[in-house]
Amino acid sequence: MKTPLKAALILALLPMMAGASFAGNGKGNGVGNGGCPPGLAKKNPPCVPPGLAKPKEGDYVHDYDYRPITDYDRYRLDPEYSYYRVGEMIYRADPTTFQILEIIGLMDELLR
């Protein structure tokens with residue numbers, strides 16, 4: 001085989017070889033699940049590191065690391081609802097379903 005023909009053949013096969021090297025088995029490269037590492041794909045919420053997960057309205061409090069607030073008078077809160085602290089944020093939740101109804105705000109703001 002002549003050298004220019006070999007070079008042309010290699011250049012023609014190069015894109016296929018490059019694609020094959022990225023295909024892999026789907027483990028560890030995040031290609032098969034939208035770029036999310038396998039360990040984070042199993043978390044709730046998916047693909048968000050646990051320290052960065054923040055509840056939003058409609059979520060359930062029991063999915064997060066929370067602390068209940070029971071001193072309603074100190075924070076001027078309505079005792080009809082349940083209140084929970086997740087990190088520095090305060091959330092109002094339904095007392096029976098634990099579904100988040102409202103994001104109250106930062107703990108510092110309640111203490112003012």
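Nothing here was measured: the structure is a model prediction, and the numbers come from that model.
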Check whether more than 12 heavy atoms from other residues, nucleotides or ligands sit under 6.0 Å from atom CG of Asp94, and answer yes or no. yes
Is a side-chain donor-acceptor pair under 3.5 Å present for Arg92 with Tyr83? yes
So do the side chains of Tyr84 and Phe98 get within less than 4.5 Å of each other, counting heavy atoms only? yes
Can you find a pair of side-chain heavy atoms, one from Ile69 and one from Leu77, that are under 4.5 Å apart? yes
Give the minimum heavy-atom separation between Tyr81 and Tyr72, together with the two atoms involved. O-OH, 3.5 Å
State, to 0.1 Å, how close Glu57 and Glu102 come at their nearest heavy-atom pair, and which atoms those are. OE2-CA, 4.0 Å
Audit row: Val86, Tyr91, side-chain contact (heavy atoms from CB on, under 4.5 Å) steps and yes/no: CA-CA 8 Å; Val86 179; Tyr91 299 90; 3.7 Å; yes
Cluster question for you: counting only ILVMFWY and a side-chain heavy-atom cut-off of under 4.5 Å, with indirect links fine, are Ile104 and Leu101 together? yes
Residues Pro95 and Glu80: closest non-hydrogen pair is CG-O, 3.8 Å
Decide whether Asp59 and Tyr64 meet the rule of one side-chain donor and one side-chain acceptor closer than 3.5 Å. yes
